[in-house]
Student: 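Have a look at this one.
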Amino acid sequence: PAKKRVKAKKTPVPKPKTPRNDASLRAPPRAVNAFSLYLKQTFPTLQPKPKSAPEGLAQIRVKWTGLSDTEKKRYEEEAQKVTAERRKVYDEWRSKLSLSEVQSINKYRKAHGHSKLGQPGTSKRPLSSWMIFLKRFVASGEVKPPSGEPAAPFYAREAAKRWKALTKAEKDVCLQILSDHSNMAIALSVVVMSRPRRGAALGAQHEKLLDNEEQRPSLHSGRPVAPLALAEFDEDSGELEGSVFGEESPSSESDAEDNEIMQNSYREIFSSIPDAAQVAQARLRISKLSKEYSEVEAEYEAQRSLMDQLENRLEVARRKLFHERASIASIRRLPQELLSMIFAIHVHEHEESTWALMHVSRSWRATALLTGSLWSRIMLTSKWASTKTEHRSRSFKGREVCVKNSHVRRALARAGGTPLDLYIYISPNTQAPVIRPHIWIDILTDGDRNRRTQAISSMLRCFSYGGGPKPKLRSLEIDTSHRFRFPMAPFSVFDFTALEQLKLDQCYSDIVDYVNTSTCKPSSLGIPSPLIPKLLHEHWTRKVSELKIIERLPDPPLEPEKRVIGASRRLIEACAGSLTSLSLQGFFSGPGDAIMEPRIETPLLERLELDRVKYFWPVECHSITHLRLVLAWSYGTWEEKIFLPQLVDFECVVAGGPLQDLLHLDMPKLYAFRLRMSGGKSTTKSEFNTLWSPKQTGTPNIDPVVFILEGATILPQALGACLATLTRCEELQINRAIVDNKFFEEIQPKAATVGPNQTKTSGTKGSRKKAELRFPLPRLHTLDISMERTKSQPNEPQLIKSAKDFLALRTKAGKSLKVMRINLPSTGLTEMMNDGDS
């Protein structure tokens with residue numbers, strides 16, 4: 001029988017001591033007032049019993065107000081006794097705390113908004129002269145507040161009157177007391193830093209002196225007040241009067257030496273009062289230094305003014321030089337017509353924004369506004385879609401974005417009579433995964449559909465604004481993600497005679513009829529399959545160079561699915577002689593279907609896209625240079641080899657598989673290969689082993705120069721072992737995939753051994769194995785790894801260390817990389833050169 005696995009017991013981690021879970025760290029209660037004692041004694045005896053605590057508290061407050069002064073004094077005396085006892089308990093608890101326990105308590109109290117405990121050996125903060133006066137005024141008992149009036153405001157008001165009536169000499173007495181206490185606090189701080197235990201004792205004595213009001217005569221009696229000196233320490237403590245360090249014998253020679261230094265330092269700081277001669281000499285020196293300071297300040301201001309003038313002159317000269325150079329620049333000597341052509345080529349080919357050109361200069365802005373072709377590419381979308389993008393922009397892929405009627409009128413006014421490129425786009429509420437573009441998560445309600453349809457129809461009606469001729473369309477593209485169609489009435493305002501490109505995602509029969517009746521026919525066509533029968537008998541379809549067919553059943557279904565696919569084949573055959581780009585989406589035919597054979601000959605075809613096409617390779621052409629495949633799990637495989645001798649760019653989107661179909665493609669000149677995947681780790685590993693098995697010998701079937709991998713969930717070690725079989729790869733990009741130190745271990749140079757009977761090293765005894773280096777990815781010079789938007793987080797320090805070791809080994813073996821970039825989720829981009837530095 002199989003042994004049962006016994007889970008190891010986890011050792012409990014002790015929780016840190018805090019006042020919450022350790023009662024020894026909780027401070028005992030200290031002060032209590034008379035009312036609290038009265039409340040504690042009276043609350044249990046209330047009759048009838050109150051329904052709530054606030055009600056009982058209100059009753060006790062009324063009773064407390066009715067007590068006489070004698071009864072209240074009895075509670076006050078009892079409160080003083082309880083406070084004194086609690087103070088002793090608190091002091092005893094406080095003296096037993098260690099420094100670490102005080103820090104733990106303070107951390108807890110700070111987190112809960114309480115004040116911190118004071119550090120041992122520190123004294124109270126010295127009071128101001130006014131506070132000393134107020135404290136002694138209250139203790140003198142000369143006046144008492146009337147019955148029923150709060151004491152604090154009364155004492156503050158009466159003391160303020162007395163303070164204002166004091167003479168300067170009487171106020172100097174308070175200042176002298178303040179100075180004495182400040183000197184004591186400074187001396188104590190010095191002692192605490194050098195002798196913590198002795199400083200703690202002196203601090204306690206200082207606190208007693210501050211609290212002892214009987215040692216000072218009253219300020220209001222008119223008697224002189226002697227200044228507080230260091231000799232006033234308590235004699236019972238065993239300290240010498242007039243000494244900070246006490247009369248105890250030093251424990252060592254160093255202690256006696258420290259005592260002497262501290263006494264001399266105190267005398268030097270607090271006892272060196274300058275006489276009249278020293279004051280006069282100091283004033284002479286101050287006068288001389290003030291004069292010197294004024295001279296340096298005047299010189300500084302003069303030099304700063306000179307520097308400001310030089311900086312202004314330098315800025316003026318720089319601007320003049322810039323304008324003079326710009327006046328003879330090559331771009332300035334171009335005619336406006338040629339500059340307009342350059343703008344149009346730049347915006348259309350690079351899909352850039354026209355608004356960026358308008359911010360360069362006034363002449364460029366005027367040229368851009370007068371170039372109608374820059375504003376003829378218009379994109380109509382709902383206001384909701386424009387605000388849900390990453391950033392709101394006036395332009396999208398070189399198109400002028402219009403979300404309001406005013407935007408459409410502005411674009412039409414600037415485009416003039418130039419034929420328009422119209423793109424109508426309705427984005428989904430929720431973006432579907434990139435690898436499954438045919439699946440949309442959202443479902444539009446009738447209200448959303450009507451609202452968006454009305455918004456687009458309103459903007460389409462703006463094209464007939466003004467009653468002029470119909471605007472000509474050069475291209476029309478409608479993309480609603482196959483969810484709904486617009487009414488045909490708004491499209492009647494356009495002139496289709498100059499149409500060159502037509503792409504529809506729904507069955508717009510009236511638009512196809514407009515195209516058939518126009519004089520100019522489009523060379524780029526994208527339509528659903530139910531509209532194909534309307535085009536089979538049109539001669540202009542033979543000149544179509546770009547064709548996209550979306551396989552959809554008519555609604556309601558007018559023909560069987562097989563007959564629709566047959567119509568699609570006939571349309572491809574009609575334009576096969578001029579076809580350079582072909583895209584098929586959603587064809588579902590069987591491997592023995594008659595419409596599959598023979599393959600259609602397309603001698604000029606360069607681009608081919610097969611999106612979820614089952615058992616179907618439609619064309620026979622050896623001139624294809626760009627291929628895009630979208631594969632899915634439920635689709636079948638090809639049974640024969642497909643030779644693509646000119647293919648250089650291959651993109652494959654796989655929703656879980658099957659990658660084994662790619663083994664039937666022969667691509668000897670493949671340069672760039674982009675693979676986007678989604679699936680479990682075990683599934684992805686098995687798919688990768690099908691194409692790039694670590695056990696195979698020789699060159700793999702797919703061996704590109706540039707390999708771009710996105711979204712693979714394969715384990716890093718298995719990924720490195722599969723990619724190590726590539727022999728032609730020079731640039732490797734890995735996006736949205738986890739990479740760790742085991743990945744670099746698989747692709748770094750390794751020692752390979754040969755049999756012991758093949759070599760024999762001279763000068764040594766016996767035979768040994770000959771060590772050679774095996775280079776995975778021998779031509780690799782650029783490695784780009786991006787781990788953004790990944791579910792798990794790598795060990796970043798360990799990953800960076802492994803990457804540096806990998807670079808060092810490649811450099812040492814003579815196969816160094818030019819650059820390696822690693823984009824981590826938390827630290828961002830880390831770029832490392834071939835020397836290993838980041």
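Quick caveat: nothing in here was measured; it's all calculated off a predicted structure. Note that the numbering runs from 1 along the sequence shown for the chain.
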Student: Is there a donor-acceptor pair closer than 3.5 Å between any side-chain N or O of R570 and the backbone N or O of I532?
Tutor: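 Answer holds: no.
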
Student: Kindly indicate, with the supporting measurements, whether the criterion side chain to side chain contact (heavy atoms under 4.5 Å, CB included) is fulfilled by T381 and V401.
Tutor: CA-CA 7 Å; T381 183; V401 178; 4.2 Å; yes

Student: Taking atom CZ of R607 as the centre, does the number of heavy atoms from other residues, nucleotides or ligands within less than 6.0 Å exceed 12?
Tutor: no

Student: If you round to the nearest 0.5 Å, how far is CD1 of I527 from CD1 of I549?
Tutor: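 Reported to 0.5 Å precision, the distance equals 6.5 Å.
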
Student: Apply side chain to side chain contact (heavy atoms under 4.5 Å, CB included) to residues N405 and S458 and explain how you reach the verdict.
Tutor: CA-CA 7 Å; N405 295 350; S458 176; 3.1 Å; yes

Student: To the nearest 0.5 Å, how far apart are CZ in R736 and CG in N823?
Tutor: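 Rounded to the nearest 0.5 Å, the CZ-CG separation comes out at 13.0 Å.
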
Student: With no hydrogens and no angle check, just 3.5 Å: does a side-chain donor-acceptor pair link S581 and E546?
Tutor: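 Checked: S581/E546 side chains show no N/O donor-acceptor pair below 3.5 Å.
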
Student: Identify the two heavy atoms, one from G398 and one from V347, that lie closest to each other, and give their separation to 0.1 Å.
Tutor: O-CG1, 4.1 Å

Student: Would you name the heavy atoms of L504 and P528 that are closest together and state the gap between them?
Tutor: O-CD, 3.6 Å

Student: Determine whether T782 and R821 make a side-chain contact, defined as any pair of heavy atoms from C-beta on separated by less than 4.5 Å.
Tutor: yes

Student: Does the T580 side chain pair with the main chain of S545, one donor and one acceptor, at a distance under 3.5 Å?
Tutor: yes

Student: With L571, which of L531, L536, V544 fulfils side-chain contact (heavy atoms from CB on, under 4.5 Å)?
Tutor: L536

Student: For R542, I'd like to know if atom CZ has over 12 heavy atoms of other residues, nucleotides or ligands within 6.0 Å.
Tutor: no

Student: Please tell me if the side chains of T418 and W375 come closer than 4.5 Å, counting only heavy atoms from C-beta onward.
Tutor: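 When only atoms from C-beta onward are counted, W375 and T418 do not touch, as no gap falls below 4.5 Å.
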
Student: Answer yes or no: is there a donor N or O on one side and an acceptor on the other, between the side chain of T625 and the main chain of E606, under 3.5 Å?
Tutor: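 Pair found, side chain donor or acceptor close to backbone of E606.
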
Student: Test side chain to side chain contact (heavy atoms under 4.5 Å, CB included) on L723 and F707 and set out the steps.
Tutor: CA-CA 10 Å; L723 296 181; F707 191 1; 3.4 Å; yes

Student: For the residue pair L665 and L647, establish whether any side-chain heavy-atom pair is separated by less than 4.5 Å.
Tutor: no

Student: Do S376 side-chain atoms and A415 backbone N/O form a donor-acceptor pair below 3.5 Å?
Tutor: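 Looks like no, no N/O pair under 3.5 Å.
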
Student: In terms of side-chain geometry, is the basic nitrogen of E651 or R628 positioned less than 4.0 Å from the acidic oxygen of its partner?
Tutor: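 Between R628 and E651 there is a salt bridge, with a charged N closer than 4.0 Å to a carboxylate O.
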
Student: What's the spacing between E477 CD and D505 CG if we round to 0.5 Å?
Tutor: 9.0 Å

Student: Are any of the side-chain heavy atoms of L709 and L719 separated by less than 4.5 Å?
Tutor: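 A side-chain contact under 4.5 Å exists here.
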
Student: What do you reckon, is NE2 of H359 surrounded by more than 12 foreign heavy atoms closer than 6.0 Å?
Tutor: yes

Student: Is any side-chain heavy atom of L783 closer than 4.5 Å to one of L777?
Tutor: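 When only atoms from C-beta onward are counted, L783 and L777 do not touch, as no gap falls below 4.5 Å.
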
Student: Please check this pair: side chain of H348 against backbone of S373, looking for a donor-acceptor N/O pair closer than 3.5 Å.
Tutor: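 It does hold such a pair.
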
Student: NZ/K543 to CD/E538 distance, rounded to the nearest 0.5 angstrom?
Tutor: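 If I round to the nearest 0.5 Å, the distance is 13.0 Å.
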
Student: With respect to E400, which candidate in R410, R377, R414, R409 satisfies the salt bridge (Lys or Arg N to Asp or Glu O under 4.0 Å) definition?
Tutor: R410

Student: Under 3.5 Å, is there a donor on one side chain and an acceptor on the other for D703 and W692?
Tutor: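 Side chains of D703 and W692: no pair found under 3.5 Å.
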
Student: What are the two closest heavy atoms between M787 and A737, and how far apart are they?
Tutor: CG-O, 3.0 Å

Student: Calculate, to the nearest 0.5 Å, the distance between atoms CD1 and CZ belonging to I624 and F643 respectively.
Tutor: 12.0 Å

Student: Evaluate the side chain to side chain contact (heavy atoms under 4.5 Å, CB included) criterion for residues D513 and K534: first the C-alpha distance (whole Å), next the side-chain angles of each, then the deciding distance (0.1 Å), finally the verdict.
Tutor: CA-CA 8 Å; D513 294 338; K534 289 180 172 291; 3.8 Å; yes

Student: Can you find a pair of side-chain heavy atoms, one from L579 and one from V619, that are under 4.5 Å apart?
Tutor: no

Student: Looking at S529 and S568, what are the two nearest heavy atoms and their distance?
Tutor: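 Heavy atoms of S529 and S568 come nearest at CB-OG, 4.0 Å.
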
Student: Hey, could you give me the CG/CD distance between L476 and Q501, rounded to the nearest 0.5 Å?
Tutor: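 One gets 9.0 Å once the value is rounded to the nearest 0.5 Å.
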
Student: Describe, in one word, how the ring planes of Y423 and Y425 are oriented to each other, choosing from parallel (under 30°), tilted (30 to 60°) and perpendicular (over 60°).
Tutor: parallel

Student: At their closest point, which heavy atom of M459 faces which heavy atom of V403, and how far apart are they?
Tutor: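 The pair with the smallest heavy-atom distance is SD-C, 3.7 Å.
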
Student: Under the salt bridge (Lys or Arg N to Asp or Glu O under 4.0 Å) rule, what do K503 and D479 come out as? Steps first, then yes or no, please.
Tutor: CA-CA 8 Å; K503 292 184 179 180; D479 183 7; over 6 Å; no

Student: Is the shortest heavy-atom distance from the side chain of V493 to the side chain of L460 under 4.5 Å?
Tutor: no

Student: Which atom pair, heavy atoms only, marks the closest approach of P603 to S623?
Tutor: O-OG, 3.2 Å

Student: What I'd like to find out is whether the side chain of I378 reaches to under 4.5 Å of the side chain of F463, using heavy atoms alone.
Tutor: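 SC-SC contact between I378 and F463 confirmed.
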
